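Note sheet for the following structure.
Every value quoted in this text rests on a predicted model; they were computed, and no experiment measured them.
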Amino acid sequence: RSPGSIQPLSNPIQPEAPCQSSNDPQELEDSWQEEDLDRSPNYRNLDGNYMPVVRFDLPSPIQLETRGVTGQTVSKSWAADHPETQASFWSNHTIQKMTVAAKLRETGDIVRAQTLEACHSTWTRATCGDCGRVQTFPNRCDSFFCPECQTRLAHEREKSISWWAAEISQPKFITLTCKNIPELTIDHIVEFKGWWTRLRHRSFAKNWRGGFYSLEVTNRGRGWHLHIHALVDAHWIDAPGLAREWDSVTRGCGHIVKVKDARGKEYLDRVKSYIVKPEELAAWPAERIKTFVHAFSEVRTFGVFGSLY
């Protein structure tokens with residue numbers, strides 16, 4: 001090969017060895033050499049027989065959470081200037097979605113697994129009759145446990161509350177948690193939300209004019225940790241007093257309480273965030289994902305109160 005010449009690549013979709021036109025199975029098997037199979041990733045040995053598989057027959061999605069996929073939030077203008085990064089972002093969410101679907105299948109939850117697998121699988125093309133602009137829209141499942149749909153749902157949530165956050169001059173960001181529990185059930189989630197409601201109805205919170213909240217959960221191997229992030233319209237919230245009231249409402253189950261000035265946009269991002277971060281959800285064991293999905297299936301995790309109700 002002369003210097004600087006370009007060596008064409010072989011077609012990765014087709015096997016390198018040509019297919020033999022024979023009806024004799026033994027003759028076809030003999031025509032394939034072991035080294036040919038090693039060079040052809042589109043064939044594999046299954047119970048002693050060589051069978052063709054499609055190009056997208058990659059390793060099981062269950063193995064993908066070890067690749068270190070992490071969440072990333074970027075501005076719209078930055079994403080528009082870096083389409084290659086935006087494509088990678090969606091690719092990561094697709095990997096996470098298929099990982100969750102594979103693990104749900106493992107637990108026998110076939111219906112929810114199929115829901116995730118079908119999401120973003122069909123695209124509708126729309127053309128403007130006036131300007132000729134073309135837009136495409138994917139089908140969506142809008143499931144709270146879908147990594148691809150959670151991004152859009154968080155964006156819609158941000159649009160619905162950002163105007164209110166800009167109107168108030170002294171927003172307060174509060175975080176309320178409770179002690180970790182070994183088993184997550186819908187009863188405990190409902191009880192936790194009830195504690196939050198009773199706290200807002202106490203005289204301590206009489207100066208809370210309104211706000212919105214989101215319920216989140218984490219599990220890093222030490223049990224389920226429920227917590228609430230809320231943005232509250234109030235000139236002053238006494239942090240030690242809030243801790244005492246929360247401990248009383250939860251009958252000693254309350255854990256960490258935080259109060260911060262929320263005039264920075266990062267706090268708005270915290271309230272509109274996911275129930276579980278997609279990369280964390282995909283990394284969970286199959287049974288943990290199943291527990292989470294079943295417990296939160298009938299629970300609202302975002303709400304407003306007071307002047308926003």
Side-chain angles (χ1 to χ4, degrees), residues 112 142-146 149-150 153-154 156-158 160-161 164-165 171-220 222-234 237-239 241-260 262 267-277 280-281 284 288-309:
R112 287 191 174 94
D142 283 343
S143 300
F144 67 89
F145 53 91
C146 175
C149 287
Q150 281 191 40
L153 294 174
E156 292 296 325
R157 181 180 296 176
E158 179 182 17
S160 66
I161 62 180
W164 178 84
K172 299 297 183 294
F173 178 78
I174 68 174
T175 300
L176 302 171
T177 75
C178 68
K179 297 175 182 177
N180 289 10
I181 56 173
E183 298 293 333
L184 181 67
T185 64
I186 188 172
D187 292 336
H188 179 66
I189 298 172
V190 171
E191 180 183 38
F192 186 86
K193 291 187 64 178
W195 293 338
W196 165 240
T197 301
R198 286 197 292 274
L199 174 68
R200 300 197 319 266
H201 291 166
R202 289 198 168 191
S203 59
F204 173 84
K206 63 183 179 181
N207 66 325
W208 296 10
R209 290 178 289 274
F212 48 86
Y213 67 91
S214 66
L215 177 63
E216 299 180 27
V217 65
T218 59
N219 189 326
R220 297 183 173 92
R222 299 187 300 272
W224 297 93
H225 181 64
L226 282 171
H227 52 283
I228 274 182
H229 294 308
L231 204 59
V232 180
D233 180 12
I237 297 178
D238 178 57
L242 177 61
R244 290 191 297 270
E245 293 292 330
W246 182 241
D247 183 73
S248 173
V249 166
T250 62
R251 299 183 296 277
C253 292
H255 189 41
I256 298 174
V257 175
K258 295 181 180 179
V259 181
K260 294 184 179 181
Y267 295 109
L268 179 63
D269 293 336
R270 294 285 297 277
V271 178
K272 72 177 181 63
S273 61
Y274 319 117
I275 309 174
V276 177
K277 294 178 176 62
E280 183 178 347
L281 177 63
W284 281 353
R288 191 179 298 174
I289 294 176
K290 180 181 179 180
T291 298
F292 161 72
V293 171
H294 282 239
F296 276 90
S297 291
E298 303 297 330
V299 177
R300 290 187 59 185
T301 60
F302 179 80
V304 301
F305 61 92
S307 60
L308 278 181
Y309 189 75

To the nearest 0.5 Å, atom CZ of Phe296 lies from atom CD of Glu216 at 9.5 Å

Closest approach of Thr177 and His225, non-hydrogen atoms and distance? CB-CE1, 3.5 Å

Closest non-hydrogen atom pair between Glu245 and Leu199, with its separation: CB-CD1, 3.7 Å

Which residues share a side-chain hydrogen bond (donor to acceptor under 3.5 Å, both in side chains) with Asp233, sequence neighbours left out: Arg209

Any side-chain heavy atom of Leu176 sitting closer than 4.5 Å to one from Leu242? yes

With a 4.5 Å limit on heavy-atom distance, are the side chains of Trp196 and Leu215 in contact? no

What distance do Leu226 atom CG and Glu191 atom CD have between them, rounded to the nearest 0.5 Å? 10.0 Å

Quick one: does Ile186's side chain get under 4.5 Å of Val299's, heavy atoms only? yes

Would you call Trp224 and Thr291 a side-chain contact if the rule is heavy atoms closer than 4.5 Å? yes

In Å, rounded to the nearest 0.5 Å, how long is the span from CH2 of Trp246 to CZ of Arg202? 10.5 Å

Between Ser143 and Arg112, do the side chains contain a donor N or O and an acceptor N or O under 3.5 Å apart? no

Salt-bridged, Arg288 to Glu280, with N to O below 4.0 Å? no

Write down the atom of Ala205, the atom of Arg200, and the distance for their closest heavy-atom approach. CB-O, 3.6 Å

Do Tyr213 and Lys193 come close enough that some side-chain heavy atom pair is under 4.5 Å? yes

Answer yes or no: is there a side-chain heavy-atom contact under 4.5 Å between Ile174 and Val257? no

Residues Gly303 and Arg300: closest non-hydrogen pair is CA-NH2, 4.5 Å

Closest approach of Ile237 and Lys172, non-hydrogen atoms and distance? CD1-CB, 3.8 Å

Could you measure the distance from the CZ atom of Phe144 to the CG atom of Leu153? Nearest 0.5 Å is fine. 11.5 Å

Give the intermediate values and the outcome of side chain to side chain contact (heavy atoms under 4.5 Å, CB included) for residues Arg244 and Asp238. CA-CA 10 Å; Arg244 290 191 297 270; Asp238 178 57; 4.1 Å; yes

Where is the tightest heavy-atom contact between Asn207 and Ala234, given as atom of each residue plus distance? O-CB, 3.8 Å

Test item: His227 and Thr218 side chains (from C-beta on) under 4.5 Å apart, heavy atoms: yes

Could you go through Phe192 and Ile228, starting from their C-alpha distance and side-chain angles, then the distance that decides it, and tell me whether this counts as side chain to side chain contact (heavy atoms under 4.5 Å, CB included)? CA-CA 9 Å; Phe192 186 86; Ile228 274 182; 3.4 Å; yes

Gap between atom CZ of Arg251 and atom CH2 of Trp195 - 0.5 Å precision: 6.5 Å

Side chains of Leu281 and Phe292: closer than 4.5 Å at any heavy-atom pair? yes

